[in-house]
Number of protein chains: 2
Amino acid sequence: MEKCGWSIQRDLKVELSCKTEYAVLALLELAAHYREAEPLQIRQIAAQQNIPDRYLEQLLATLRRGGLVKSQRGAKGGYLLAREPWEITLLEVVSCLEGSDSKPSTHDTNLKTVESAVIEEIWQEVHKTAYKVWQGYTLQDLCDKRDARRQLDIMYYI
Amino acid sequence: MEKCGWSIQRDLKVELSCKTEYAVLALLELAAHYREAEPLQIRQIAAQQNIPDRYLEQLLATLRRGGLVKSQRGAKGGYLLAREPWEITLLEVVSCLEGSDSKPSTHDTNLKTVESAVIEEIWQEVHKTAYKVWQGYTLQDLCDKRDARRQLDIMYYI
DNA sequence: GTAAACACCTGCGAGTAACCGGGGTATACT
DNA sequence: AGTATACCCCGGTTACTCGCAGGTGTTTAC
(Lines give C-alpha, C1' and ligand atoms only; values in the text may rest on other atoms or scores of the structure.)
Protein backbone atom coordinates (compact mmCIF):
# COMPACT_ATOMS: atom_id res chain seq x y z
CA MET A 1 0.00 0.00 0.00
CA GLU A 2 1.10 3.46 -0.90
CA LYS A 3 4.35 2.00 -2.10
CA CYS A 4 6.70 4.93 -1.92
CA GLY A 5 4.61 7.73 -0.50
CA TRP A 6 5.36 10.27 -3.16
CA SER A 7 4.81 9.89 -6.85
CA ILE A 8 6.61 12.79 -8.31
CA GLN A 9 7.73 12.92 -11.91
CA ARG A 10 10.70 10.75 -11.14
CA ASP A 11 9.74 7.93 -13.43
CA LEU A 12 11.50 8.88 -16.64
CA LYS A 13 13.67 5.92 -17.45
CA VAL A 14 16.71 6.09 -19.62
CA GLU A 15 17.03 2.40 -20.33
CA LEU A 16 16.81 1.11 -23.86
CA SER A 17 13.82 -1.20 -23.65
CA CYS A 18 12.46 -3.18 -26.53
CA LYS A 19 9.51 -0.83 -26.48
CA THR A 20 11.61 2.21 -27.19
CA GLU A 21 13.80 0.47 -29.73
CA TYR A 22 10.83 -0.89 -31.64
CA ALA A 23 9.28 2.55 -31.84
CA VAL A 24 12.46 4.22 -33.05
CA LEU A 25 13.02 1.47 -35.61
CA ALA A 26 9.49 1.93 -36.93
CA LEU A 27 9.89 5.68 -37.15
CA LEU A 28 13.19 5.19 -38.91
CA GLU A 29 11.48 3.00 -41.46
CA LEU A 30 8.79 5.63 -41.98
CA ALA A 31 11.43 8.29 -42.35
CA ALA A 32 13.26 6.25 -44.95
CA HIS A 33 10.13 6.06 -47.10
CA TYR A 34 9.09 9.59 -46.38
CA ARG A 35 9.55 10.83 -49.95
CA GLU A 36 6.88 8.55 -51.39
CA ALA A 37 3.59 9.87 -50.10
CA GLU A 38 2.24 6.33 -49.76
CA PRO A 39 1.60 5.04 -46.24
CA LEU A 40 3.48 2.06 -44.82
CA GLN A 41 1.53 -0.85 -43.34
CA ILE A 42 2.22 -2.29 -39.94
CA ARG A 43 3.21 -5.65 -41.36
CA GLN A 44 5.67 -4.14 -43.76
CA ILE A 45 7.44 -2.30 -40.99
CA ALA A 46 7.29 -5.32 -38.71
CA ALA A 47 8.71 -7.62 -41.34
CA GLN A 48 11.45 -5.20 -42.31
CA GLN A 49 12.66 -4.57 -38.76
CA ASN A 50 11.77 -7.93 -37.28
CA ILE A 51 9.23 -6.61 -34.79
CA PRO A 52 6.19 -8.59 -33.55
CA ASP A 53 3.41 -6.91 -35.48
CA ARG A 54 0.73 -7.07 -32.79
CA TYR A 55 2.97 -5.24 -30.39
CA LEU A 56 4.03 -2.71 -32.97
CA GLU A 57 0.37 -1.93 -33.48
CA GLN A 58 0.11 -0.70 -29.90
CA LEU A 59 3.26 1.34 -30.17
CA LEU A 60 2.10 3.02 -33.36
CA ALA A 61 -1.20 3.83 -31.66
CA THR A 62 0.73 5.54 -28.88
CA LEU A 63 2.82 7.45 -31.40
CA ARG A 64 -0.34 8.51 -33.20
CA ARG A 65 -1.95 9.80 -30.02
CA GLY A 66 1.30 11.62 -29.33
CA GLY A 67 1.09 13.36 -32.67
CA LEU A 68 4.24 11.86 -34.14
CA VAL A 69 2.60 9.80 -36.90
CA LYS A 70 -0.56 10.00 -38.95
CA SER A 71 -2.69 7.00 -39.84
CA GLN A 72 -4.85 6.22 -42.83
CA ARG A 73 -7.54 3.63 -42.41
CA GLY A 74 -8.99 1.15 -44.85
CA ALA A 75 -7.36 -0.76 -47.66
CA LYS A 76 -4.13 0.80 -48.90
CA GLY A 77 -3.96 2.46 -45.54
CA GLY A 78 -1.06 2.61 -43.15
CA TYR A 79 1.14 5.08 -41.31
CA LEU A 80 2.97 8.26 -42.23
CA LEU A 81 5.19 10.64 -40.32
CA ALA A 82 3.20 13.59 -39.00
CA ARG A 83 6.14 15.93 -39.61
CA GLU A 84 9.36 16.03 -41.57
CA PRO A 85 12.07 13.62 -40.37
CA TRP A 86 14.34 16.51 -39.41
CA GLU A 87 11.65 18.03 -37.21
CA ILE A 88 11.14 15.02 -34.94
CA THR A 89 13.68 14.62 -32.17
CA LEU A 90 14.41 11.50 -30.16
CA LEU A 91 13.32 13.34 -27.04
CA GLU A 92 9.80 13.61 -28.42
CA VAL A 93 9.75 9.90 -29.15
CA VAL A 94 10.96 8.88 -25.70
CA SER A 95 8.64 11.29 -23.93
CA CYS A 96 5.69 10.10 -25.96
CA LEU A 97 6.30 6.46 -25.14
CA GLU A 98 6.33 6.70 -21.38
CA GLY A 99 4.08 9.63 -20.83
CA SER A 100 1.35 7.13 -19.96
CA ASP A 101 -1.04 8.46 -17.36
CA SER A 102 1.20 9.55 -14.49
CA LYS A 103 -0.40 12.37 -12.61
CA PRO A 104 2.24 14.45 -10.82
CA SER A 105 -0.52 15.00 -8.23
CA THR A 106 0.87 18.37 -7.17
CA HIS A 107 2.98 17.02 -4.39
CA ASP A 108 3.63 19.04 -1.26
CA THR A 109 7.34 19.67 -1.19
CA ASN A 110 7.38 20.28 2.55
CA LEU A 111 6.81 16.62 3.23
CA LYS A 112 10.10 15.62 1.70
CA THR A 113 13.15 15.34 3.86
CA VAL A 114 16.15 17.45 3.10
CA GLU A 115 18.09 14.40 2.03
CA SER A 116 15.44 13.38 -0.47
CA ALA A 117 15.45 16.83 -1.97
CA VAL A 118 19.20 16.67 -2.51
CA ILE A 119 18.96 13.30 -4.21
CA GLU A 120 16.04 14.47 -6.33
CA GLU A 121 18.05 17.46 -7.45
CA ILE A 122 20.91 15.33 -8.73
CA TRP A 123 18.58 13.00 -10.56
CA GLN A 124 16.99 15.99 -12.23
CA GLU A 125 20.43 17.00 -13.39
CA VAL A 126 21.00 13.54 -14.87
CA HIS A 127 17.68 13.69 -16.69
CA LYS A 128 18.52 17.12 -17.99
CA THR A 129 21.75 15.91 -19.57
CA ALA A 130 19.94 12.94 -21.05
CA TYR A 131 17.32 15.27 -22.52
CA LYS A 132 20.01 17.33 -24.18
CA VAL A 133 21.47 14.30 -25.91
CA TRP A 134 18.07 13.16 -27.13
CA GLN A 135 17.13 16.66 -28.18
CA GLY A 136 20.26 16.74 -30.32
CA TYR A 137 19.20 13.90 -32.61
CA THR A 138 16.40 13.98 -35.15
CA LEU A 139 15.08 11.09 -37.20
CA GLN A 140 16.96 12.54 -40.14
CA ASP A 141 20.21 12.36 -38.19
CA LEU A 142 19.52 8.72 -37.41
CA CYS A 143 18.97 7.95 -41.08
CA ASP A 144 22.22 9.68 -41.97
CA LYS A 145 24.05 7.72 -39.32
CA ARG A 146 22.59 4.51 -40.67
CA ASP A 147 23.68 5.33 -44.22
CA ALA A 148 27.18 6.18 -43.05
CA ARG A 149 27.39 2.91 -41.16
CA ARG A 150 26.21 0.98 -44.18
CA GLN A 151 28.96 2.54 -46.24
CA LEU A 152 31.47 1.50 -43.62
CA ASP A 153 30.18 -2.06 -43.68
CA ILE A 154 30.54 -2.24 -47.44
CA MET A 155 34.09 -0.94 -47.35
CA TYR A 156 34.93 -3.38 -44.60
CA TYR A 157 33.52 -6.21 -46.68
CA ILE A 158 35.80 -5.37 -49.63
CA MET B 1 10.12 -16.58 -24.94
CA GLU B 2 13.50 -15.00 -25.23
CA LYS B 3 11.90 -11.67 -24.69
CA CYS B 4 14.08 -9.31 -26.66
CA GLY B 5 16.45 -11.57 -28.57
CA TRP B 6 19.60 -9.79 -27.50
CA SER B 7 20.69 -9.13 -23.98
CA ILE B 8 23.45 -6.64 -24.28
CA GLN B 9 24.48 -4.39 -21.47
CA ARG B 10 21.63 -2.04 -22.14
CA ASP B 11 19.92 -2.42 -18.82
CA LEU B 12 21.33 0.43 -16.78
CA LYS B 13 18.34 2.47 -15.72
CA VAL B 14 18.50 6.09 -14.76
CA GLU B 15 15.22 6.27 -12.94
CA LEU B 16 15.07 7.21 -9.29
CA SER B 17 13.42 4.17 -7.74
CA CYS B 18 12.69 3.75 -4.06
CA LYS B 19 15.41 1.15 -4.03
CA THR B 20 18.07 3.58 -5.14
CA GLU B 21 16.83 6.37 -2.95
CA TYR B 22 16.72 4.18 0.14
CA ALA B 23 20.27 3.04 -0.45
CA VAL B 24 21.60 6.55 -0.92
CA LEU B 25 19.72 7.77 2.15
CA ALA B 26 21.22 4.97 4.22
CA LEU B 27 24.71 5.68 2.96
CA LEU B 28 24.17 9.35 3.70
CA GLU B 29 23.25 8.47 7.25
CA LEU B 30 26.36 6.33 7.58
CA ALA B 31 28.46 9.13 6.15
CA ALA B 32 27.03 11.58 8.66
CA HIS B 33 28.12 9.36 11.55
CA TYR B 34 31.37 8.42 9.96
CA ARG B 35 33.52 10.18 12.55
CA GLU B 36 32.36 7.98 15.41
CA ALA B 37 33.80 4.58 14.79
CA GLU B 38 30.66 2.92 16.16
CA PRO B 39 28.49 1.04 13.68
CA LEU B 40 24.93 2.07 12.95
CA GLN B 41 22.15 -0.52 13.26
CA ILE B 42 19.61 -1.15 10.56
CA ARG B 43 16.74 0.01 12.71
CA GLN B 44 18.43 3.27 13.59
CA ILE B 45 18.94 4.10 9.92
CA ALA B 46 15.45 2.95 9.04
CA ALA B 47 13.86 5.04 11.78
CA GLN B 48 15.91 8.12 10.95
CA GLN B 49 15.16 8.09 7.22
CA ASN B 50 11.73 6.50 7.40
CA ILE B 51 12.66 3.37 5.48
CA PRO B 52 11.02 -0.06 6.02
CA ASP B 53 13.67 -1.89 7.96
CA ARG B 54 13.17 -5.35 6.48
CA TYR B 55 13.69 -3.96 3.02
CA LEU B 56 16.66 -1.87 4.04
CA GLU B 57 18.24 -5.04 5.33
CA GLN B 58 18.30 -6.46 1.81
CA LEU B 59 19.71 -3.28 0.34
CA LEU B 60 22.50 -3.12 2.89
CA ALA B 61 23.37 -6.72 2.09
CA THR B 62 23.72 -5.76 -1.56
CA LEU B 63 25.88 -2.79 -0.67
CA ARG B 64 28.03 -5.04 1.50
CA ARG B 65 28.53 -7.56 -1.29
CA GLY B 66 29.41 -4.63 -3.52
CA GLY B 67 32.11 -3.55 -1.12
CA LEU B 68 30.57 -0.19 -0.23
CA VAL B 69 29.82 -0.91 3.45
CA LYS B 70 31.27 -3.15 6.13
CA SER B 71 29.14 -5.07 8.61
CA GLN B 72 29.76 -6.09 12.18
CA ARG B 73 27.75 -8.99 13.52
CA GLY B 74 26.48 -9.68 17.00
CA ALA B 75 25.27 -7.34 19.68
CA LYS B 76 26.52 -3.78 19.29
CA GLY B 77 26.95 -4.64 15.63
CA GLY B 78 25.76 -2.73 12.61
CA TYR B 79 27.09 -1.12 9.46
CA LEU B 80 30.00 1.16 8.59
CA LEU B 81 31.18 2.75 5.39
CA ALA B 82 33.89 0.64 3.78
CA ARG B 83 35.74 3.77 2.60
CA GLU B 84 35.81 7.47 3.36
CA PRO B 85 32.70 9.40 2.31
CA TRP B 86 34.69 11.41 -0.23
CA GLU B 87 35.93 8.23 -1.88
CA ILE B 88 32.51 6.76 -2.68
CA THR B 89 30.81 8.14 -5.77
CA LEU B 90 27.15 7.92 -6.69
CA LEU B 91 28.13 5.93 -9.77
CA GLU B 92 29.43 3.14 -7.55
CA VAL B 93 26.19 3.10 -5.59
CA VAL B 94 23.97 2.95 -8.65
CA SER B 95 26.10 0.32 -10.37
CA CYS B 96 26.15 -1.80 -7.25
CA LEU B 97 22.39 -1.79 -6.87
CA GLU B 98 21.49 -3.05 -10.29
CA GLY B 99 24.56 -4.99 -11.22
CA SER B 100 22.58 -8.12 -10.29
CA ASP B 101 23.72 -11.10 -12.30
CA SER B 102 23.44 -9.99 -15.90
CA LYS B 103 25.92 -11.82 -18.04
CA PRO B 104 26.70 -9.87 -21.21
CA SER B 105 27.00 -13.30 -22.81
CA THR B 106 29.48 -12.14 -25.45
CA HIS B 107 26.90 -11.25 -28.02
CA ASP B 108 27.61 -11.62 -31.72
CA THR B 109 27.51 -8.13 -33.16
CA ASN B 110 26.84 -9.35 -36.68
CA LEU B 111 23.31 -10.36 -35.76
CA LYS B 112 22.28 -6.80 -35.06
CA THR B 113 20.78 -4.73 -37.81
CA VAL B 114 22.44 -1.50 -38.79
CA GLU B 115 19.55 0.47 -37.34
CA SER B 116 19.86 -1.21 -33.97
CA ALA B 117 23.54 -0.42 -33.85
CA VAL B 118 22.85 3.25 -34.48
CA ILE B 119 20.27 3.38 -31.70
CA GLU B 120 22.54 1.48 -29.35
CA GLU B 121 25.31 3.97 -30.02
CA ILE B 122 23.16 6.91 -28.99
CA TRP B 123 21.97 5.20 -25.83
CA GLN B 124 25.57 4.50 -24.93
CA GLU B 125 26.20 8.21 -25.29
CA VAL B 126 23.31 8.97 -22.93
CA HIS B 127 24.61 6.51 -20.38
CA LYS B 128 28.05 8.00 -20.67
CA THR B 129 26.78 11.46 -19.82
CA ALA B 130 24.78 10.06 -16.91
CA TYR B 131 27.88 8.30 -15.63
CA LYS B 132 29.80 11.52 -15.68
CA VAL B 133 27.22 13.26 -13.51
CA TRP B 134 27.14 10.41 -11.01
CA GLN B 135 30.89 10.15 -11.02
CA GLY B 136 31.05 13.81 -10.10
CA TYR B 137 29.24 13.41 -6.77
CA THR B 138 30.62 11.67 -3.69
CA LEU B 139 28.77 10.93 -0.47
CA GLN B 140 30.68 13.82 1.07
CA ASP B 141 29.33 16.15 -1.60
CA LEU B 142 25.82 14.98 -0.81
CA CYS B 143 26.32 15.68 2.89
CA ASP B 144 27.61 19.15 2.10
CA LYS B 145 24.63 19.81 -0.13
CA ARG B 146 22.32 18.68 2.63
CA ASP B 147 23.96 20.98 5.15
CA ALA B 148 23.75 23.90 2.77
CA ARG B 149 20.09 23.23 2.15
CA ARG B 150 19.42 23.02 5.87
CA GLN B 151 21.00 26.43 6.33
CA LEU B 152 18.76 27.78 3.59
CA ASP B 153 15.68 26.35 5.27
CA ILE B 154 16.60 27.97 8.56
CA MET B 155 17.12 31.36 6.95
CA TYR B 156 13.86 30.99 5.10
CA TYR B 157 12.09 30.20 8.36
CA ILE B 158 13.35 33.43 9.96
C1' DG C 1 27.18 -19.92 30.09
C1' DT C 2 23.04 -18.07 29.23
C1' DA C 3 20.35 -14.44 27.28
C1' DA C 4 19.85 -10.65 24.42
C1' DA C 5 21.00 -8.04 20.32
C1' DC C 6 22.19 -7.95 16.06
C1' DA C 7 23.48 -9.39 11.07
C1' DC C 8 22.46 -12.85 7.70
C1' DC C 9 19.86 -15.99 4.63
C1' DT C 10 15.79 -17.92 2.19
C1' DG C 11 11.53 -17.54 0.62
C1' DC C 12 6.81 -15.56 -0.18
C1' DG C 13 3.13 -12.40 -1.87
C1' DA C 14 1.06 -8.39 -3.79
C1' DG C 15 1.58 -4.97 -7.26
C1' DT C 16 3.15 -3.13 -11.69
C1' DA C 17 4.90 -2.98 -16.17
C1' DA C 18 6.85 -4.89 -20.55
C1' DC C 19 5.79 -7.92 -23.83
C1' DC C 20 2.79 -10.51 -26.89
C1' DG C 21 -1.52 -12.69 -28.92
C1' DG C 22 -7.00 -13.24 -29.92
C1' DG C 23 -10.94 -11.50 -31.56
C1' DG C 24 -13.99 -8.19 -33.04
C1' DT C 25 -15.31 -3.41 -35.24
C1' DA C 26 -14.78 0.64 -38.27
C1' DT C 27 -13.24 2.51 -42.51
C1' DA C 28 -11.59 2.87 -47.15
C1' DC C 29 -10.31 0.97 -51.69
C1' DT C 30 -11.75 -2.19 -55.79
C1' DA D 1 -20.35 -6.54 -51.81
C1' DG D 2 -15.77 -7.97 -50.63
C1' DT D 3 -11.29 -7.27 -49.12
C1' DA D 4 -7.61 -5.02 -46.74
C1' DT D 5 -6.32 -2.37 -43.31
C1' DA D 6 -6.37 0.46 -38.99
C1' DC D 7 -8.51 0.48 -34.46
C1' DC D 8 -9.97 -1.15 -29.93
C1' DC D 9 -10.65 -4.18 -25.78
C1' DC D 10 -9.06 -7.82 -23.18
C1' DG D 11 -6.56 -11.26 -21.58
C1' DG D 12 -1.86 -13.82 -20.39
C1' DT D 13 3.05 -14.63 -19.41
C1' DT D 14 7.28 -13.03 -17.58
C1' DA D 15 10.04 -10.29 -14.67
C1' DC D 16 10.99 -6.85 -11.49
C1' DT D 17 10.06 -3.87 -7.33
C1' DC D 18 8.72 -3.47 -2.76
C1' DG D 19 8.04 -5.33 1.61
C1' DC D 20 7.20 -8.96 5.29
C1' DA D 21 8.06 -13.37 7.97
C1' DG D 22 10.84 -16.93 9.86
C1' DG D 23 14.95 -19.04 11.03
C1' DT D 24 20.20 -19.27 11.73
C1' DG D 25 24.76 -17.58 13.08
C1' DT D 26 27.64 -14.44 15.71
C1' DT D 27 28.97 -11.23 19.20
C1' DT D 28 28.38 -8.66 23.45
C1' DA D 29 26.53 -8.21 28.12
C1' DC D 30 25.02 -10.10 32.45
Side-chain angles (χ1 to χ4, degrees), chain A residues 1-7 10-13 15-23 25-26 30 38-47 50-65 69-80 82 94 97-102, chain B residues 1-7 10-13 15-23 25-26 30 38-47 49-66 69-80 82 94 97-102:
Chain A
M1 68 291 275
E2 207 197 356
K3 196 180 172 187
C4 192
W6 36 54
S7 60
R10 66 169 56 189
D11 48 348
L12 192 17
K13 304 189 184 68
E15 61 173 334
L16 178 51
S17 58
C18 282
K19 186 177 175 181
T20 311
E21 175 157 359
Y22 287 163
L25 286 175
L30 289 176
E38 305 215 331
L40 271 181
Q41 282 90 31
I42 291 181
R43 282 188 224 157
Q44 292 181 25
I45 305 174
N50 205 30
I51 304 173
D53 50 354
R54 295 311 239 114
Y55 190 40
L56 181 59
E57 183 184 330
Q58 296 177 22
L59 299 182
L60 283 173
T62 304
L63 293 175
R64 182 179 54 82
R65 282 187 278 266
V69 300
K70 288 182 300 183
S71 67
Q72 186 172 327
R73 303 181 65 160
K76 284 288 190 179
Y79 286 91
L80 290 164
V94 174
L97 281 179
E98 55 194 292
S100 66
D101 44 13
S102 63
Chain B
M1 67 290 277
E2 206 198 356
K3 195 182 173 186
C4 194
W6 36 53
S7 61
R10 65 169 60 189
D11 48 348
L12 191 19
K13 304 188 182 70
E15 61 172 336
L16 179 51
S17 59
C18 282
K19 185 178 176 181
T20 310
E21 176 157 1
Y22 287 163
L25 286 174
L30 290 176
E38 304 217 332
L40 272 181
Q41 282 90 32
I42 290 181
R43 283 187 222 158
Q44 293 182 26
I45 305 175
Q49 295 294 336
N50 205 30
I51 304 173
D53 49 354
R54 296 312 232 118
Y55 189 42
L56 180 59
E57 185 183 328
Q58 298 176 19
L59 300 181
L60 284 173
T62 304
L63 293 175
R64 181 178 54 80
R65 283 188 276 268
V69 300
K70 287 182 302 184
S71 67
Q72 187 171 327
R73 303 182 66 159
K76 284 289 190 178
Y79 286 91
L80 290 164
V94 175
L97 281 179
E98 54 194 292
S100 67
D101 45 12
S102 63

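For the numbers below, each heavy atom of this structure counts, side chains included, while hydrogens, waters and symmetry mates do not. Residue numbering restarts at 1 for every chain, and letters A, B, ... go by the order of the sequence lines.
- Between C/dC20, D/dT17, D/dT5, one nucleotide has an atom nearer to the side chain of A/Pro52 than all others, and that is C/dC20.
- Protein atom NZ of A/Lys19 is 15 Å distant from nucleotide atom C1' of D/dA15, rounded to whole Å.
- Taking B/Glu57 as the reference, B/Arg54 meet the side-chain hydrogen bond (donor to acceptor under 3.5 Å, both in side chains) condition, with sequence neighbours excluded.
- More than 12 heavy atoms of other residues, nucleotides or ligands lie within 6.0 Å of CG in B/Asp53, so this atom counts as buried by the packing criterion.
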Shorter than 3.5 Å, N or O on both sides, protein versus nucleotides 24-30 of chain C: list them out with atom names.
residue: C/dA26; atom: N3; partner: A/Arg73; partner atom: NH2; Å: 3.3

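- For B/Ser17, counting side-chain heavy atoms from C-beta on, the closest listed nucleotide (D/dC18, D/dG19, C/dC19) is D/dC18.
- The residue B/Ile42 sits close only to the backbone: its heavy atoms come under 4.0 Å of sugar-phosphate atoms, none of a base.
- Between B/Tyr79 and C/dC8 there is a side-chain N or O to OP1 or OP2 distance below 4.0 Å.
- B/Leu56 is linked by a side chain to side chain contact (heavy atoms under 4.5 Å, CB included) to B/Ala26, B/Ile42, B/Ile45, B/Ala46, B/Ile51, B/Leu60, counting only residues two or more places apart in sequence or in another chain.
- Side chain of A/Gln41, nearest nucleotide from C/dG21, D/dT5, D/dC8: D/dT5.
- Shown here are the side-chain hydrogen bond (donor to acceptor under 3.5 Å, both in side chains) partners of B/Thr20, two or more places apart in sequence or in another chain: B/Ser17.
- Under the side-chain hydrogen bond (donor to acceptor under 3.5 Å, both in side chains) criterion, B/Glu38 pairs with no residue, sequence neighbours left out.
- By the side chain to side chain contact (heavy atoms under 4.5 Å, CB included) test, A/Gln44 is found to be paired with A/Leu40, A/Gln41, residues two or more places apart in sequence or in another chain being considered.
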